[in-house]
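Structure, as structure tokens:
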Amino acid sequence: MVLAQNRRERNGTLADRLKLTADAAYLPYVAFRGTDDHLLRTDVSNTFSPETGAGQGVQIEAILSYALSDAFSLGAGGRYWAMWVPSASTNAFGTPCPCQGLPVSTERYGGFVQASYKFGGQL
């Protein structure tokens with residue numbers, strides 16, 4: 001019996017039909033391409049500054065699900081993404097060279113609900 005309890009803890013089963021799963025990923029390479037628009041700059045003819053760069057990122061996700069049967073479950077979870085580029089090149093206001101290196105980072109997060117069905121399971 002102790003072996004079964006340890007096994008359940010490792011696969012995320014919290015109770016008879018309640019399960020917690022989590023995933024994490026490191027992204028060793030991410031590409032960034034963006035445009036900075038200075039709408040209020042009246043002293044330049046082109047207000048757009050395109051930016052490009054490469055960096056790293058992460059993604060983390062966790063889901064709490066409840067099995068209504070052996071085949072059907074419902075769950076709710078959250079997801080977080082982040083990426084960072086230490087030095088993105090920018091062509092300030094349309095100049096021909098990538099003149100300035102800027103650090104760029106972004107973070108996104110959100111929640112979701114899901115339903116899953118296992119083919120071959122019993123409803």
Side-chain angles (χ1 to χ4, degrees):
M1 187 64 161
V2 173
L3 179 60
Q5 286 176 344
N6 288 339
R7 189 168 147 199
R8 268 189 244 159
E9 289 173 4
R10 279 184 292 193
N11 74 14
T13 302
L14 301 175
D16 185 35
R17 296 185 172 270
L18 195 61
K19 182 174 164 183
L20 177 66
T21 57
D23 291 312
Y26 171 70
L27 308 171
Y29 177 83
V30 295
F32 166 77
R33 183 174 39 215
T35 302
D36 190 6
D37 190 359
H38 293 253
L39 293 172
L40 299 178
R41 291 286 302 261
T42 58
D43 60 328
V44 294
S45 61
N46 184 355
T47 61
F48 294 105
S49 296
E51 302 168 347
T52 59
Q56 302 87 35
V58 294
Q59 179 180 343
I60 301 166
E61 176 179 297
I63 304 166
L64 182 64
S65 59
Y66 182 76
L68 297 172
S69 69
D70 289 340
F72 188 71
S73 66
L74 297 174
R79 186 176 291 143
Y80 171 80
W81 301 267
M83 81 163 204
W84 54 93
V85 176
S87 183
S89 299
T90 182
N91 294 35
F93 306 114
T95 57
C97 65
C99 300
Q100 186 178 16
L102 298 171
V104 176
S105 64
T106 184
E107 294 180 84
R108 309 260 326 183
Y109 57 88
F112 59 90
V113 294
Q114 72 176 26
S116 65
Y117 179 77
K118 285 191 238 177
F119 292 98
Q122 293 185 13
L123 289 174

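The shown structure was predicted, so the numbers you read here are calculated from the model rather than taken from an experiment. Heavy atoms only: backbone and side chains are in, while hydrogens, waters and symmetry mates are out.
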Side chain to side chain donor-acceptor pair (under 3.5 Å) between Tyr26 and Gln56, worked out: CA-CA 8 Å; Tyr26 171 70; Gln56 302 87 35; 4.8 Å; no
Same apolar cluster: Phe48 and Val104, side chain cutoff 4.5 Å: no
Where is the tightest heavy-atom contact between Ser73 and Ala67, given as atom of each residue plus distance? CB-CA, 3.8 Å
Is Trp84 close to Val58 at the side-chain level, that is, under 4.5 Å between some pair of heavy atoms? yes
State, to 0.1 Å, how close Tyr80 and Ala82 come at their nearest heavy-atom pair, and which atoms those are. OH-CB, 3.5 Å
Who passes side-chain hydrogen bond (donor to acceptor under 3.5 Å, both in side chains) against Arg17, sequence neighbours left out? none
Can you confirm whether Trp81 sits close enough to Thr106 that some side-chain heavy atom of one is under 4.5 Å from a side-chain heavy atom of the other? no
Atom CG in Leu18, atom OG in Ser65: separation rounded to 0.5 Å? 7.0 Å
Distance check, rounded to the nearest 0.5 Å: Gln59 atom CD versus Asp23 atom CG? 8.5 Å
Would you check if Leu74 and Val113 make a side-chain contact, meaning some heavy-atom pair closer than 4.5 Å? no
Which atoms form the tightest heavy-atom contact between Gly78 and Phe112, and what is the distance? N-CE2, 3.7 Å
May I ask whether Leu27 and Ile60 are part of the same hydrophobic cluster, defined by side-chain heavy atoms of I, L, V, M, F, W, Y residues being less than 4.5 angstrom apart, directly or through others? no
Would Tyr66 end up clustered with Ile63 when hydrophobic side chains under 4.5 Å apart are linked, directly or stepwise? no
